[in-house]
Protein chains: 2
Amino acid sequence: MSYARVMPRSSTREATGRGRSAPEDGGATARRTHAGGRRAGQSGTRDAVLIAARQSFARQGYAGTTIRAIASTAGVDPALVLHFFGSKDALFATCLAFPQDVADTVPRILAGPARTVGERLTRFYFELWERPETGQPLRAMFRSVASNEDAARMAHEFIGSHLVARAAEASNYDRVDLRLTLAGGQLAGVMYARHIVAVAPLATMSLDDLVRHVAPSVQRYLTGTLP
Amino acid sequence: MSYARVMPRSSTREATGRGRSAPEDGGATARRTHAGGRRAGQSGTRDAVLIAARQSFARQGYAGTTIRAIASTAGVDPALVLHFFGSKDALFATCLAFPQDVADTVPRILAGPARTVGERLTRFYFELWERPETGQPLRAMFRSVASNEDAARMAHEFIGSHLVARAAEASNYDRVDLRLTLAGGQLAGVMYARHIVAVAPLATMSLDDLVRHVAPSVQRYLTGTLP
DNA sequence: CGCATAACTCAACAACCGTTGACCTCAACA
DNA sequence: TGTTGAGGTCAACGGTTGTTGAGTTATGCG
């Protein structure tokens, strides 16, 4: 990570305009006439690569992950990975792309009944870590934020200006930013201890028990009186 | 990190016996007669390398750190780094070596008056992160545990069989392991948010304020009734 | 002084990295 | 059916990596 420029903030690739394709996907692309040619995204290979990438980023972090390893577990050529995503950085950014429904759910939880908000937020967050399809990206994000300054900046930005801001307008707590970051620190730390360090008994106890232990703290951060 | 064997569990180097020196230091080495020759560890270079290594591991994680970068900021040749520490893995292990006084202090805090144990433990831990000379190794450990499975195993071992065990015999709480890991998760998470993600206002508020906010939760984990 | 030993440098090794461009193979439409 | 564009492979590039061995310089003791 010194000879590879990190995070294509405004990609040199696109600026010069002579890089490889890296199809934008985008879903809502105006789908112009398209006179013939094979259809994009029909074979599941792109998704297979993405899954392999997430897994590797989750286990090894950014610098520890290699394009070749991703390609190998996906069963394709390394060049195909770049063909799909343009660069390692772009792949990484794609892997970190936070599921939109998380940003939607947190404000909705905060808008619910205040009496049980701690328990509901705690359970929602812990279950995200437990389910493989959401837990893996989360682990990836967590590890990468710890080992990559650009990832930390991205997380900072996402949490600060996206998640907290939307939560603030959906609820009527005072000092939402303080309350939410305190709660977030609490929740993330417990998941770090359970899923990454894997320290007993945090790693071995049931999710329900864990929620019972932690939820009161979260409740206090969200609805308790502040010093 | 695939062509370099990770963590010299029983070092091939020592097994074959024909690697480079990597002076064991060890402090208590029987210091045999020593008839002439330059004395070891007189120039501060070894420490300079260690400081540079800690800094790099703290910022870049294991895979993101290169011997050459360490050598460069220490102002020496890359080969000298290996001369001192034997391998990148051994250097890494040396950097992670936890200051012994931390393992000493936690049991002492737990043995103190139960009424204020949460506040004392919280303040002690947070101040560790604040002071540069202890904060840097902690950040290094935190990042490395997140990005390196062997580091996670080391942390797991240290916390499980060292810290918790010693705390258990020094105090008389019930289910110390559960209480201590819950408290630890809480504390680590807040420091993660403050020092690594640097999310406001956790990152900007004073240490005293932070202790005021978090200490009650820690107190509850340590002395509260368990579900 | 002269020997022994540690500190330290230098150049090179093989392995592996991200990335590239040329090339081939399919699937879908005109 | 021929054309078109996406899926996919291949070999190679320049550069960086951890590690090594041989060699040089500095330092302390007899």
Side-chain angles (χ1 to χ4, degrees), chain A residues 1-6 8 11-13 16 18-25 31-49 53 60 62-72 74-92, chain B residues 1-6 8 11-13 16 18-25 31-49 53 60 62-72 74-92:
Chain A
M1 171 104 81
S2 53
Y3 52 94
R5 198 132 49 271
V6 180
S11 177
T12 315
R13 184 170 320 289
T16 62
R18 39 156 237 90
R20 55 187 56 234
S21 50
E24 274 294 310
D25 187 48
R31 175 107 29 244
R32 50 172 167 175
T33 49
H34 190 286
R38 185 173 178 176
R39 289 303 158 87
Q42 291 296 89
S43 74
T45 315
R46 202 194 122 107
D47 291 335
V49 170
Q60 323 282 355
Y62 179 86
T65 292
T66 68
I67 299 280
R68 283 172 164 84
I70 293 171
S72 172
V76 302
D77 191 273
L80 187 60
V81 178
L82 281 311
H83 171 68
F84 278 134
F85 298 95
S87 72
K88 183 183 179 183
D89 294 332
L91 210 203
F92 180 63
Chain B
M1 173 101 85
S2 52
Y3 54 94
R5 199 132 49 271
V6 180
S11 176
T12 315
R13 184 170 320 289
T16 61
R18 42 154 234 89
R20 54 188 58 237
S21 50
E24 273 294 309
D25 188 48
R31 175 105 31 243
R32 49 169 168 178
T33 49
H34 191 285
R38 185 173 176 173
R39 288 305 159 83
Q42 292 295 90
S43 74
T45 315
R46 202 193 122 106
D47 291 334
V49 170
Q60 323 283 353
Y62 179 87
T65 292
T66 67
I67 299 281
R68 282 172 166 82
I70 293 171
S72 172
V76 300
D77 191 272
L80 188 60
V81 177
L82 281 311
H83 170 68
F84 278 134
F85 299 95
S87 73
K88 183 183 179 183
D89 295 331
L91 210 203
F92 181 63

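To find a chain, count down the sequence lines: A is the first, B the second, and so on, and within it residues start at 1.
Rounded to whole Å, atom P of D:dC10 lies 18 Å from atom CD1 of A:I67. Separating the NE2 atom of B:H83 from the P atom of C:dT9 is a distance of 11 Å, rounded to the nearest angstrom. If you measure from atom CG of B:D77 to atom P of D:dG21, you get 16 Å, rounded to the nearest angstrom. Whole-Å rounding puts the A:F85 CZ to D:dG7 P distance at 10 Å. Rounded to whole Å, atom C1' of C:dC8 lies 8 Å from atom CZ of B:F84. Rounded to whole Å, the distance from CG on A:D47 to P on D:dG8 is 11 Å. Straight-line distance from the CZ atom of B:R46 to the C1' atom of C:dA7: 13 Å, rounded to whole Å. In this structure, CG of B:L82 is placed 19 Å from P of C:dA12, rounded to the nearest angstrom.
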* To do: Give the dot-bracket string for DNA chain D, reading 5' to 3', where a pair is Watson-Crick or G-U wobble with both distances under 3.5 Å, ( ) marks pairs inside the strand, [ ] marks pairs crossing earlier ones, | marks a partner on another strand, and . marks unpaired.
  => ||||||||||||||||||||||||||||||
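Between B:I70 and B:V76, the closest side-chain pair of non-hydrogen atoms is not below 4.5 Å. Counting heavy atoms from C-beta on, the side chains of B:L80 and B:H83 come closer than 4.5 Å. Under the 4.5 Å side-chain criterion, counting only non-hydrogen atoms from C-beta, B:F84 is not in contact with B:L91. B:V49 has its side chain within reach of B:F85: a pair of non-hydrogen atoms, C-beta onward, lies under 4.5 Å apart.
For the atom pair A:I67 CD1 and A:S87 OG, the distance stands at 7.5 Å (nearest 0.5 Å). Distance check, rounded to the nearest 0.5 Å: CG of B:L82 to CG of B:D77 gives 10.0 Å.
Contact annotation: B:T45 does not reach the phosphate of C:dA7 (side-chain N/O to OP1 or OP2, under 4.0 Å).
If you find the closest nucleotide of DNA chain C to B:P78 and to B:R68, the one lying nearer the 5' end belongs to B:P78.
Listed here is the closest heavy atom pair of B:Y62 and B:K88: O-NZ, 3.1 Å.
Distances were taken from every side-chain heavy atom of B:L80 (C-beta onward) to each of C:dT19, D:dT9, C:dT9; the shortest belongs to C:dT9.
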